[in-house]
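As structure tokens, the structure follows; a few thoughts come after it.
Numbers restart at 1 for each chain; the letters A, B, ... are given by sequence-line order, proteins then strands.
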Amino acid sequence: MRILQLHCDSIEYTPTKKEIKSAEEIEPKKTRIEEVVVCFTAIEEDDDSSVAKNAIIDIQKSMKQIGCNKLLLYPYAHLSSNLASPGTGLKILKEMQESSTGIEITHAPFGWTKAFSIQVKGHPLAESSKVFSKDSTKEKTSTALESESKIKSYWYIMTPDGKMEEIEKFNFSNHKQLEILAKYESAKKRSVDEPPPHVNLMKKLAIADYEPASDSGNMRFYPNGRLIKSQIEQYVTDKIRDYGGIEVETPIMYDSHHPSMESYFNRFPARQYSIDSEGKHLFLRFAACFGQFLMASDFQLSYKNLPYKLYELTRYSFRREQSGELVGLRRLRAFTMPDCHAFCKDMSQAIDEFRKRFDLSREVLSGLGIEENDYEMGIRFTESFYNENKELIKQMVSKVGKPVLVEMWKEKFFYFVLKWEFNFIDNLGKASALSTDQIDVENGKRYGITFTDEKNERQHPIILHNSPSGAVERVIYALLEKFAKQVKDGKRPQFPLWLAPTQVRLIPLKDDFLEFASNLADKLTEQNIRVDIDDRNDTIGKRIRDAEKEWINYVLVIGEKEINSPSLSVRDRTTGDVRQLSTENFVKEIQDATKGKPVSKLNSAILLSQRPQIMV
RNA sequence: GCCUCGAUAGCUCAGCCUGGUAGAGCGAACGCCUCGUAAGCGUUAGGUCGCGAGAUCGAAUCUCGCUCGAGGCUCCA
């Protein structure tokens, strides 16, 4: 709230014209007041009753000082560029008027254009300006964020045979990773004094980097990173569409005063980015839920259409995580999230679908190169859901084939009754969720999503929220952390061939062989193989070393021998050996290794001499 | 948000403790070399030492403030 306070001999104002629809209903007549303090007042966004009270107390104090007993509150928008909505403005103005004591107080009409003339006294205390804001600098937190810390959870380990053991009594000696997850989630543990290894790798492999000109947690992706990310995005999208997901695209920002948003806000514990635009208070989505639910609520759904699966790959979702929580590609403020919702007619259908998505998620992770022993499962449910669906839960745990972490809530705190996630455990013992799915029993109603059932009655669907891979950036993080671990164990890490930015590098020994190499490159490119040519004027050893540093799987030196022979000399990075292969067999080997995965063209100049160095 | 640490060439870093003309390697440009499976050689260019103040004859170096970044904590439904 901003106030310009003037001690006046007199003020005279005349309302001339309504400025806004919600202007006060008054008789526009000339008003004159003598010996008065006039407060030109702008009520700003975030002002509330406490601000009104503080302001009036402060004004009364100064009025006492100058010995004046008459106050005119004069709504004056021009003091601020961050005004509250007219409704709030008027409400707070009235609150100020009502909470005053022992003075004569009036206000000039709100929402009117007014003409005024004023005579200000000339003493030192006659003019002052004041700014009031909420006393606490405390951030607005959603009720979900606040209640999160109050949740009462019971922690168990469930073994593949379906037995639940209290976490304190479980013998973790053969389940070190699960122990880390359990300790990580249920208690707090451990201080690490080094940056996670993937941060260095993401720079050295020219995948991604921090962007100092943006907000923290908003990364830049270099050509290599863009290609890898794009391949993962395409793969996950293909898998979800095979499963039956229907891809859509929805806006990334929403009006926080939209009725469906306001209540969801309070059920989803995330901090948001806000954008003010033309009086609207917008926020950047922190999930794809909004868009898909709003869309689905406009669809005319029959039980015959269900389960109906909507899918969106959000580039991006935004969560304003606390600055200290951000780490490399593990935790970001802007991230790409495949999000697939299934609208189901009843719990039985939801559970059937839930099973399918569980299998889908395991398959997707495996296709990405993240295997079962790379992650640990966590499963969370309400006590009542567990009692009614023990078989489902036991079957899922048995499928994983190893003990899983269980969190059980006495009552429903969130909008879901069951949730599971696969957690990747990194080199520093940090757990982060990849795939996840939830059974949501609230949002169908909240968003007014309905379908017509067999009896021609309107019902709200149960909604599943699945991300079969988790955030794409986080998948890259998991892969890089896995690679770092392999390096530590003395192994040579390797991107799955379908993710490698360059799959084949040709090294012509001399310029004379460049043409041959180009022709070969064209041939391989036609077969959807990503091939480039190191035509730089460096020794053969140097160029092979550079290819090694880029983790390129196949290196082919092109010299006299190759030109005069039908076979290629293929240096295979996994072994370091050179093999003689015909072009056909070489192509086949690559196509077999990348079968069923998306293809993408090289995302850099084919000649290395034409590429800038990305020094990171 | 709290604590700790950091900021010097395009990149990685040395120099700072103990104040006195700004250093290396990599990379880049140019030239030599035309090479057979993890680093060939030479020359050159490239810096407002994050910003601001203080003390000093003199500051990359000491002191204070600020900005930005990173890690940890908290957090991660």
[N]: pairing nucleotide in any strand, Watson-Crick or G-U under 3.5 angstrom:
| N | value |
| --- | --- |
| C26(B) | G10(B) |
| G19(B) | none |
| U34(B) | none |
| C2(B) | G72(B) |
| A60(B) | none |
| G50(B) | C66(B) |
| A55(B) | none |

Whole-Å distance between [N] [atom2] and [X] [atom1]?
| X | N | atom1 | atom2 | answer |
| --- | --- | --- | --- | --- |
| Asn200(A) | G69(B) | CG | P | 20 Å |
| Asp572(A) | A38(B) | CG | C1' | 15 Å |
| Asn218(A) | A70(B) | CG | P | 11 Å |
| Arg536(A) | U37(B) | CZ | P | 18 Å |
| Arg330(A) | G71(B) | CZ | P | 10 Å |
| Asp535(A) | C35(B) | CG | P | 17 Å |
| Leu514(A) | U34(B) | CG | P | 18 Å |
| Leu326(A) | C2(B) | CG | C1' | 15 Å |

### Task
Answer yes or no: is there a side-chain heavy-atom contact under 4.5 Å between Ile157(A) and Phe172(A)?
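Yes, close enough: below the 4.5 Å cut-off.
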### Task
Assign each of Gln438(A) and Ser214(A) to its nearest nucleotide of RNA chain B by heavy atoms, then name whichever residue's nucleotide is nearer the 5' end.
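Nearest nucleotide further toward 5': that of Ser214(A).
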### Message
Pairing donors with acceptors under 3.5 angstrom, does anything connect the side chains of Gln177(A) and Tyr375(A)?
### Response
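Their side chains do not contain a donor-acceptor pair, so the 3.5 Å distance test is not met.
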### Query
Which nucleotide, G71(B), U37(B), G36(B), lies nearest any side-chain atom of Val199(A)?
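Closest of the options to the side chain of Val199(A): G71(B).
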### Closest to side chain of Arg571(A), choosing from C75(B), C35(B), A38(B)
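Comparing C75(B), C35(B), A38(B) against the side chain of Arg571(A), the answer is A38(B).
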#### Entry: With Leu568(A) via side chain to side chain contact (heavy atoms under 4.5 Å, CB included) - residues at least two apart
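For Leu568(A), the residues satisfying side chain to side chain contact (heavy atoms under 4.5 Å, CB included) (neighbours in sequence not counted) are Leu520(A), Leu556(A), Val570(A), Thr583(A), Phe586(A).
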### Partner residues of Met219(A) under the side chain to side chain contact (heavy atoms under 4.5 Å, CB included) criterion, sequence neighbours left out
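With sequence neighbours excluded, Met219(A) shows a side chain to side chain contact (heavy atoms under 4.5 Å, CB included) to Met202(A), Tyr210(A), Phe221(A), Leu329(A), Leu332(A), given in chain and number order.
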### Task
Not counting sequence neighbours, which residues clear ring-ring contact (aromatic ring centres under 6.0 Å, His included) with His198(A)? List them please.
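Expected list: Tyr477(A).
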Just call it for [X]: base, sugar-phosphate, or nothing, with non-hydrogen atoms closer than 4.0 Å on any strand.
| X | result |
| --- | --- |
| Glu321(A) | nothing |
| Ser216(A) | sugar-phosphate |
| Val555(A) | nothing |
| Arg579(A) | nothing |
| Leu509(A) | base |

#### Entry: Geometric class of the Phe293(A)/Tyr447(A) ring pair [parallel <30°, tilted 30-60°, perpendicular >60°]
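Ring orientation of Tyr447(A) relative to Phe293(A): perpendicular.
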### Message
Taking NZ in Lys485(A) as the centre, count heavy atoms belonging to other residues, nucleotides or ligands within less than 6.0 Å. Is the count above 12?
### Response
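Check fails, neighbour count at 12 or below.
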### Contact list for RNA chain B against residues 543-553 of chain A - heavy-atom distance below 4.0 Å
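Ile544(A), Arg545(A), Glu548(A), in order of number.
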Say we look at [N] and [M]: how far apart would their [atom1] atoms be, to the nearest angstrom?
| N | M | atom1 | answer |
| --- | --- | --- | --- |
| A29(B) | U67(B) | C1' | 35 Å |
| G42(B) | A38(B) | P | 22 Å |
| U18(B) | U61(B) | P | 14 Å |
| C13(B) | C57(B) | C1' | 33 Å |
| G20(B) | C62(B) | C1' | 15 Å |
| G27(B) | C41(B) | P | 10 Å |
| G47(B) | C51(B) | P | 14 Å |
| C5(B) | C11(B) | P | 25 Å |

### Query
How would you list, by chain and number, every residue that makes a side chain to side chain donor-acceptor pair (under 3.5 Å) with Ser317(A), sequence neighbours excluded?
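Here the qualifying residues are Thr314(A).
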Pick out the pairs of N or O atoms, protein on one side and nucleotides 40-42 of chain B on the other, that lie under 3.5 Å.
from	atom 1	to	atom 2	distance (Å)
G40(B)	OP2	Thr539(A)	OG1	2.7

### Message
It should be established whether Tyr210(A) places a side-chain nitrogen or oxygen under 4.0 Å from OP1 or OP2 of nucleotide G71(B).
### Response
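Checking Tyr210(A) against G71(B): at least one side-chain N or O falls below 4.0 Å of OP1 or OP2.
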### Message
So, OP1 or OP2 of A28(B): does either fall under 4.0 Å of a side-chain N or O from Gln613(A)?
### Response
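Affirmative; the distance criterion is met.
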### Message
For residues 554-569 of chain A, which residue pairs pass the side-chain hydrogen bond (donor to acceptor under 3.5 Å, both in side chains) check, not counting sequence neighbours?
### Response
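Matches after skipping sequence neighbours: Tyr554(A)-Glu589(A), Glu562(A)-Ser569(A), Ser565(A)-Ser567(A), Ser567(A)-Gln580(A), Ser569(A)-Gln580(A).
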Donor-acceptor contacts under 3.5 Å from residues 507-519 of chain A side chains, at least two apart:
from	atom 1	to	atom 2	distance (Å)
Ser518(A)	OG	Leu514(A)	O	3.1
Asn519(A)	ND2	Glu515(A)	O	3.4

### Task
Go through the N and O atoms of the side chain of Glu325(A) and the base of G1(B), and report whether any donor-acceptor pair is under 3.5 Å.
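Looking at the base of G1(B), it does not pair with any donor or acceptor on the side chain of Glu325(A) (distance under 3.5 Å).
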### Message
According to ring pair (Phe, Tyr, Trp, His ring centres under 6.0 Å), does anything in residues 531-553 of chain A pair up with another residue at least two apart or in another chain? List the pairs.
### Response
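Listed by first then second residue: Phe483(A)-Trp551(A).
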#### Entry: Note: Arg474(A)-Glu481(A) ion pair, threshold 4.0 Å (strictly below)
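Looking at Glu481(A) together with Arg474(A), the answer is no, because their closest N to O distance does not fall below 4.0 Å.
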